[in-house]
2 protein chains.
Amino acid sequence: MPQQASQRRSLLQEARCQTCSLSSLCLPLALELEDMGQFDAIIRRRAPLKKGEPLFRQGDLFTSVYAVRSGSLKQTTSEGNGNDQLTNFYLPSELVGLDGIDESYYPGSVIALETTTVCEIPFDRLDTLSEELPELRGQLYRSMSKELKDDRRMMRLLSRKTADQRLASFLITLSDRFRRRGYSPFSFRLSMSRADLGNYLGLAVETVSRILSRFQQQEVVAVSGREINILDMPRLITLAEEEEQAVTPR
Amino acid sequence: MPQQASQRRSLLQEARCQTCSLSSLCLPLALELEDMGQFDAIIRRRAPLKKGEPLFRQGDLFTSVYAVRSGSLKQTTSEGNGNDQLTNFYLPSELVGLDGIDESYYPGSVIALETTTVCEIPFDRLDTLSEELPELRGQLYRSMSKELKDDRRMMRLLSRKTADQRLASFLITLSDRFRRRGYSPFSFRLSMSRADLGNYLGLAVETVSRILSRFQQQEVVAVSGREINILDMPRLITLAEEEEQAVTPR
DNA sequence: CGAGAATTTGAGTTTTGTCAATGATCGTGG
DNA sequence: CCACGATCATTGACAAAACTCAAATTCTCG
């Protein structure tokens with residue numbers, strides 16, 4: 001993922017909502033400065049996770065949700081037998097662990113894809129605080145609702161789209177998420193492996209690799225390892241939607 | 001769906017949480033009797049929907065969530081071009097419309113599959129009431145969280161399972177939902193068409209039909225139109241998980 | 001620098017989709 | 001109550017997309 005400069009600055013210092021550059025995207029989005037102080041007070045600092053380290057594991061007791069501060073993570077669910085399903089990638093300002101509320105344990109493991117820092121938000125305190133702060137409550141409802149909406153989009157992708165469309169859609173979505181966070185929407189680094197990508201998109205690794213090669217050949221994107229350059233966004237959008245649907249009138 | 005007896009009893013009469021047979025599954029689940037009265041007061045009655053009638057349409061302004069009282073519905077999202085994606089079926093006691101909170105309009109249409117009655121719960125009033133009633137708030141969080149969790153399961157189904165496994169999983173899930181509602185888990189009627197089923201499961205109608213025929217031939221289920229009889233649940237569970245994975249030791 | 005992991009590419013197979021035709025069911029109106 | 005049209009469901013034949021297996025190449029990190 002783009003630059004993790006200032007890695008060395010004191011994390012405790014950085015970890016205050018009032019000074020956090022993500023506060024306009026994150027949970028306290030809608031809060032007044034003084035309310036933000038209250039919210040800030042319930043947050044727990046965590047040591048940065050190294051690549052491959054789990055934030056929590058499937059089956060762990062649910063206690064907190066987490067806001068991603070820097071880096072990225074993946075969520076996977078295992079179903080007894082070997083094969084896991086990767087259900088989500090999380091980028092800075094996104095909220096992790098909301099699907100653990102229902103059963104009071106986490107239904108999937110969440111693992112850092114690179115060095116990653118998060119803010120831990122104990123859920124019982126968040127709930128209590130949301131009683132007093134309607135804006136916070138609203139934001140929490142919205143976060144969950146947005147995730148529901150995104151899930152529906154993902155189901156559509158998995159059930160109706162071809163492999164080409166899936167890759168194109170994924171790149172567009174990622175590009176958009178970077179843009180919203182102030183990074184270049186055209187040039188970025190994937191923090192996940194091709195295997196992760198395939199698992200997430202419901203494709204074999206080989207298929208992912210092949211399609212990326214083809215996109216590159218068609219000069220839609222330039223791919224160099226995990227470095228991505230979107231060269232022709234309009235074309236990519238077309239690819240995501242219609243898949244060469246040959247102009248069949250009617 | 002199973003028996004809709006007492007259809008004729010006054011709906012207004014029936015539509016009180018305190019006397020509703022679903023209250024142990026529904027949103028007011030965790031409420032004391034007196035709190036339930038408060039909750040009950042914000043609910044609006046609606047005339048029953050006829051088969052094919054929309055509860056709301058994609059793009060409509062989000063105002064309320066709905067609890068299904070009887071019947072069933074499907075949610076579909078259209079993406080400009082023709083083909084829709086069916087993202088959910090809703091049965092009695094389930095909460096519809098939660099994914100509309102985020103953007104303040106509904107991201108999909110919800111349509112009755114048969115004669116269906118719902119309780120309308122205006123969201124602003126629900127939100128306000130949830131401020132005073134922590135149990136209600138908790139239940140609302142849990143409902144959304146559960147839906148997130150179910151969505152993950154669905155993604156897994158769409159991305160990793162074969163057509164046979166998808167059908168088997170679907171039947172098991174449905175069976176379980178009926179069981180929880182006090183209906184027979186082995187004998188029930190599908191309220192959705194084969195086309196709906198295929199759309200939901202990411203399969204062609206023909207595939208759905210073929211597999212159902214095969215299941216019938218193997219005497220796992222008996223199928224007669226939309227009437228389903230599960231004959232061999234253990235086998236069905238096996239089919240959902242391993243797909244004839246031929247006992248390949250290691 | 002080197003071993004193991006990750007990625008790419010090729011060849012052949014399998015699953016599922018598409019097209020087409022037939023049969024069953026439902027709902028409506030005579 | 002039955003007939004008829006329309007929708008829905010089933011079945012067959014073939015095609016296409018994506019998977020699996022295999023092997024070569026590149027990358028990563030100690």
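Only a predicted model underlies this, so the values are computations on that prediction, with no experimental measurement involved. Chain identifiers are assigned alphabetically (A, B, ...) following the order of the sequence lines, protein sequences preceding nucleic acid strands; residue numbering begins at 1 within each chain.
Computed from coordinates, the L167(B) CG to dT15(C) P distance equals 16 Å when rounded to whole Å. Counting to the nearest Å, the P atom of dT10(D) and the CZ atom of R214(B) are 14 Å from each other. The interatomic distance linking R160(B) (CZ) with dC19(D) (P) rounds to 9 Å, in whole Å. Atom NZ in K50(B) sits roughly 11 Å away from atom P in dT28(C) (whole-Å rounding). Here the C1' atom of nucleotide dT25(D) and the CZ atom of R194(A) are 14 Å apart, to the nearest Å. Atom pair K51(A):NZ and dA6(C):P shows a separation of 8 Å (rounding to whole Å applied). In this structure, M192(A) places its CE atom 15 Å from P of dA6(C), rounding to the nearest Å. If you take CD1 of I211(B) and P of dA9(D), they are 15 Å apart, rounded to a whole angstrom.
Every pair passing side-chain hydrogen bond (donor to acceptor under 3.5 Å, both in side chains) that includes a residue from residues 208-222 of chain B is listed here, sequence neighbours excluded: D164(B)-R214(B).
We find that K146(B) and E94(B) are not joined by a salt bridge, their nearest charged nitrogen and carboxylate oxygen being 4.0 Å or further apart. A salt bridge is absent between E79(A) and R160(B): the closest approach of a Lys/Arg side-chain nitrogen to an acidic carboxylate oxygen does not fall below 4.0 angstrom. Between E227(A) and R189(A), at least one side-chain N (NZ, or NE/NH1/NH2) sits under 4.0 Å from a carboxylate O, which counts as a salt bridge.
Side chains of Q58(B) and T77(B): no donor on one and acceptor on the other come within 3.5 Å. Side chains of T76(B) and S109(B): no donor on one and acceptor on the other come within 3.5 Å.
Among the protein residues, S209(B) comes within range of the nucleic acid bases, having at least one heavy atom under 4.0 Å from a base atom.
Taking a 4.0 Å limit (strictly below) on heavy-atom distances, residues 215-232 of chain A reaches DNA chain C at R226(A).
Taking side-chain N and O atoms only, S213(B) has a distance below 4.0 Å to OP1 or OP2 of dT11(D).
Checking side-chain atoms of R156(A) against main-chain N and O of Q85(B) turns up no donor-acceptor pair under 3.5 Å. Within the 3.5 Å criterion, the main-chain N or O of R177(B) finds a donor-acceptor partner in the side chain of R181(B).
Atom CD1 in I111(B) sits 12.0 Å away from atom OG in S72(B) (nearest 0.5 Å).
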With the criterion being N/O to N/O and under 3.5 Å, what pairs connect the protein with nucleotides 17-19 of chain C, and how long is each?
unit_1: dG17(C); atom_1: OP1; unit_2: G202(B); atom_2: O; d: 3.3
unit_1: dG17(C); atom_1: OP1; unit_2: A204(B); atom_2: N; d: 3.4
unit_1: dG17(C); atom_1: OP2; unit_2: A204(B); atom_2: N; d: 3.2
unit_1: dG17(C); atom_1: OP2; unit_2: T207(B); atom_2: OG1; d: 2.4
unit_1: dT18(C); atom_1: O4; unit_2: R210(B); atom_2: NH2; d: 3.0
unit_1: dC19(C); atom_1: N4; unit_2: E206(B); atom_2: OE2; d: 2.9

